[in-house]
Amino acid sequence: MRILVTGAAGYIGSHLVAALAEAGHIVAGIDNFSSSDPHVLPRLKRLAGRRFDCVVADVRDQPRLRSLFLRHRPDAVVHLASLRTAPDAALAPLTLFDNNVGGLGSLLGVMRQHGTRTLVLPSSASLYGAPTTVPVDEDSPARPLNPYDRSKLIGEQMLADLQAAESDWQFACLRHASLLGAHPSGLLDAVSGHGDGLVPAIVRAAQGQAPLTIHGRDYPSVDGTAVRDYLHVCDLAVAQLATLEALPGMAAPLTLNLGSGRGHTVLQLVEAFAQASGRPVPHRFGPRRAGDVAALYVRCDRASRLLGWRAHHDLAQMCVDTWRCRPPGAAARPAAVRADSRHGAFAG
């Protein structure tokens, strides 16, 4: 297949491009480098074993996007060009909706013009908010807690509405857990040095930078810290590839959970990183904050049944791969969130 990956130079996108090329697919990309780095492109070309064409543009730039479609004529698209945080906290909702919802609308319009009707939309397990029971399955209600998650849910709803109006579209929404790990070649960076989520904060603490602050030690878990599901980015790439190959024969729109199917506490993650790095991870405890979720992990039976997929990397290996491929001495990027144990939530 000829596949277009938006956000192709990002953490998820670069690992997907590598997996698609390895499977023999022809891959093109588009990225505006707002949250990625051009240094990954020659590495991707090396991994692909062929020329990898990545256009530097925003998916909302319809003339550039149409030109890319005319040149590559993709059979399917994986849409990864979205923002998780905004540089200005006060403008975060406007910025996120403009990028994540507006960008998807722009892409769908160009896809329709050029007859490309297959789209895989990686979404987020954090759409489930604070579930009453875990693990959650795909029929559990979506209760997004922040602008990012709401933008993702709107994207899913857009696809469902378009499918209802024009039945020849093939859509899949993949609600994945928190991501760790990196490509076994070592050529692609792990997420560790970028942003202000829990994992980057742990890595910086292990590097001797600021200690990690863990918010909440009175949750109903084995050690009192919050519980989350973690997934290796290469396991996600395998699931995305399997979805692309299986989707034409499936009823759409298709919604799948992707994760390990089990929860780990924040302290268990910290200990796994200490073991992986051979270094202590200095940390301290702070109070719970409004909107924090006690436990969230997903049931993946549907992906197993329909795709024959399951996660193969355990937490220890995820941490080893993340530490091995960390950007050395990477500093935090200014952002509108603070590091915490929340799954994709804004700290304000």
Any donor-acceptor pair under 3.5 Å from [X] side chain to [Y] backbone:
X: Asp189; Y: Tyr11; value: no
X: Arg310; Y: Cys300; value: no
X: Asn257; Y: Val136; value: yes
X: Thr116; Y: Pro74; value: yes
X: Asp53; Y: Ala28; value: no
X: His15; Y: His183; value: yes
X: Arg43; Y: Leu187; value: yes
X: Ser67; Y: Pro63; value: no
X: Asp229; Y: Val298; value: yes
X: His313; Y: Met318; value: no

So does [X] have more than 12 non-hydrogen atoms from other groups sitting under 6.0 Å from [atom1]?
X: Arg46; atom1: CZ; result: no
X: Glu245; atom1: CD; result: yes
X: Arg324; atom1: CZ; result: yes
X: Arg71; atom1: CZ; result: yes

Subject >> Hydrophobic cluster (4.5 angstrom, side-chain heavy atoms) - remaining members for Phe97 >> reply: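 Via sub-4.5 Å side-chain contacts, Phe97 links to Leu4, Ile30, Val55, Val59, Leu65, Leu68, Phe69, Val77, Val101, Leu104, Leu107, Leu108, Val110, Met111, Leu119, Leu121, Ile154, Met158, Leu159, Leu162, Trp169, Phe171.
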
State, with a plain yes or no, whether a side-chain heavy atom of [X] is found less than 4.5 Å away from one of [Y].
X: Tyr219; Y: Thr265; value: no
X: Arg112; Y: Arg117; value: yes
X: Ser277; Y: Val203; value: no
X: Cys325; Y: Leu188; value: no
X: Leu47; Y: Val17; value: no
X: Ser126; Y: Leu145; value: no
X: His264; Y: Leu269; value: no
X: Cys173; Y: Pro253; value: no

Give a yes or no on whether [X] and [Y] share a hydrophobic cluster (residues Ile, Leu, Val, Met, Phe, Trp, Tyr; joining criterion: side-chain heavy atoms under 4.5 Å apart).
X: Val320; Y: Val199; result: no
X: Val222; Y: Val266; result: no
X: Leu96; Y: Leu153; result: no
X: Leu231; Y: Leu127; result: no

Please determine, by modelled atom types, if [X] and [Y] share a side-chain donor-acceptor pair under 3.5 angstrom.
X: His215; Y: Asp292; answer: no
X: Asp161; Y: Gln157; answer: no
X: His176; Y: Gln240; answer: no

**OP:** Please determine if Asp139 and Arg302 form a salt bridge, counting it only when a charged side-chain N lies under 4.0 Å from a carboxylate O.
**Re:**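 Result for this pair is yes, salt bridge flagged.
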
**OP:** Hey, could you give me each pair passing salt bridge (Lys or Arg N to Asp or Glu O under 4.0 Å) that has a residue in residues 95-104? Not counting sequence neighbours.
**Re:** Arg60-Asp98

Subject >> Criterion side-chain contact (heavy atoms from CB on, under 4.5 Å) on Ser260 and Asp314, from CA distance to verdict >> reply: CA-CA 8 Å; Ser260 69; Asp314 61 17; over 6 Å; no

What are the two closest heavy atoms between [X] and [Y], and how far apart are they?
X: Ala81; Y: Thr6; answer: N-OG1, 3.1 Å
X: Gly29; Y: Phe52; answer: N-CE1, 3.9 Å
X: Pro282; Y: Pro280; answer: CD-O, 3.4 Å
X: Cys234; Y: Pro184; answer: SG-CD, 4.1 Å
X: Ser124; Y: Tyr148; answer: CB-CE2, 4.3 Å
X: Leu41; Y: Ala9; answer: CD2-CB, 4.3 Å

Within this structure, what is the [atom1]-[atom2] distance for the pair [X] and [Y], rounded to the nearest 0.5 Å?
X: Thr225; Y: Asp218; atom1: OG1; atom2: CG; answer: 10.5 Å
X: Asp75; Y: Gln170; atom1: CG; atom2: CD; answer: 13.0 Å
X: Ser304; Y: Arg299; atom1: OG; atom2: CZ; answer: 12.0 Å
X: Thr255; Y: Glu156; atom1: OG1; atom2: CD; answer: 5.5 Å
X: His114; Y: Arg73; atom1: NE2; atom2: CZ; answer: 8.0 Å
X: Ile202; Y: His283; atom1: CD1; atom2: NE2; answer: 10.0 Å

**OP:** Evaluate the side chain to side chain donor-acceptor pair (under 3.5 Å) criterion for residues Ser82 and Lys152: first the C-alpha distance (whole Å), next the side-chain angles of each, then the deciding distance (0.1 Å), finally the verdict.
**Re:** CA-CA 9 Å; Ser82 65; Lys152 285 297 185 181; 3.2 Å; yes

Original post:
Where do His72 and Ile26 land on the side-chain contact (heavy atoms from CB on, under 4.5 Å) test, with the steps shown first?
Top reply: CA-CA 9 Å; His72 288 283; Ile26 300 169; 5.6 Å; no

**OP:** Given side chain to side chain donor-acceptor pair (under 3.5 Å), test Asp137 with Ser140 step by step and report yes or no.
**Re:** CA-CA 6 Å; Asp137 63 23; Ser140 300; 3.3 Å; yes

Original post:
When you look at Leu307 and Leu256, which way does the side-chain contact (heavy atoms from CB on, under 4.5 Å) test go after all the steps?
Top reply: CA-CA 10 Å; Leu307 303 180; Leu256 296 176; 3.6 Å; yes

Subject >> Criterion side chain to side chain donor-acceptor pair (under 3.5 Å) on Arg284 and Thr213, from CA distance to verdict >> reply: CA-CA 5 Å; Arg284 58 198 175 201; Thr213 298; 3.0 Å; yes

**OP:** Check step by step if side-chain contact (heavy atoms from CB on, under 4.5 Å) holds for Leu267 and Phe285.
**Re:** CA-CA 11 Å; Leu267 280 178; Phe285 294 93; 4.0 Å; yes

